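Contents: one structure, followed by commentary.
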Amino acid sequence: MKYQQKEPLFSISVTAKITGISPRVLRSYEEAELLSPYRTEGNTRLYSQGDVQRIRVIYYLHKEREVNLPGIKIILGLLSPHFHEDASSDEPVVKNKAADDLIHKIREVAPDLLSGTFKE
DNA sequence: GTTCTGACA
DNA sequence: TGTCAGAA
């Protein structure tokens with residue numbers, strides 16, 4: 001045999017079919033930087049099974065929770081821990097950089113919001 | 001025939 | 001978000 005992809009890839013029409021989401025919306029998700037499907041040499045999108053699962057999460061947030069696309073991007077970012085090596089430790093440290101950055105920004109614009117002194 | 005981008009309502 | 005145009 002020649003070779004085979006371990007991972008099935010789907011065209012946008014097939015992906016639309018199995019997710020129930022129109023190609024137009026799938027493209028809008030990519031435009032909002034919520035997805036990065038593979039591209040063929042001819043620039044045609046190819047979605048992986050992982051992409052399909054991510055699309056289902058995006059759609060849930062989008063339609064059921066009514067989160068707009070920029071908001072979904074932030075949420076997905078918070079769900080992706082940032083891995084880095086801590087030189088002073090033997091064990092790899094798992095740190096959620098996106099969450100830390102957001103907290104730092106909140107403290108910047110509202111210093112007391114996340115402290116115990118904040119009331120109301 | 002399918003998909004892509006850009007555009008309009 | 002649906003739909004259309006023009007190109008690949």
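This structure is a prediction, so every number in the text was calculated from the model and none was measured. Chain identifiers are assigned alphabetically (A, B, ...) following the order of the sequence lines, protein sequences preceding nucleic acid strands; residue numbering begins at 1 within each chain.
Atom CG of residue A:Asp51 and atom CD of residue A:Gln53 lie 10.0 Å apart, to the nearest 0.5 angstrom. Taking CZ of A:Arg65 as the start and CD1 of A:Ile72 as the end, the distance is 11.0 Å to the nearest 0.5 Å.
On the nucleic acid side, DNA chain B contacts chain A at distances under 4.0 Å to non-hydrogen atoms, with the end points of that region at B:dT3 to B:dA7. Of all nucleotides in DNA chain C having an atom under 4.0 Å from a heavy atom of chain A, the first and last in 5' to 3' order are C:dT1 to C:dT3.
Mapping A:Leu46 and A:Arg24 onto DNA chain B via the closest heavy atom, the residue that lands nearer the 5' end is A:Leu46.
Using a 4.0 Å cut-off between a side-chain N of Lys or Arg and a carboxylate O of Asp or Glu, A:Asp101 and A:Lys97 qualify as a salt bridge. Between A:Glu30 and A:Arg27 there is no salt bridge, since no side-chain nitrogen of the basic residue lies less than 4.0 Å from a carboxylate oxygen of the acidic one.
In this structure, the side chains of A:Tyr47 and A:Ile55 come closer than 4.5 Å at one or more pairs of heavy atoms. The shortest side-chain heavy-atom distance between A:Phe10 and A:Ile18 falls under the 4.5 Å cut-off. With a 4.5 Å cut-off on side-chain heavy atoms, A:Val57 and A:Leu61 count as touching.
Using a 4.0 Å heavy-atom cutoff across all strands shown, A:Ser28 reaches no nucleic acid atom at all. Nucleic acid contact class of A:Arg45 (heavy atoms, under 4.0 Å, all strands): sugar-phosphate only.
A donor-acceptor contact shorter than 3.5 Å is absent between the side chain of A:Ser115 and the backbone of A:Pro111.
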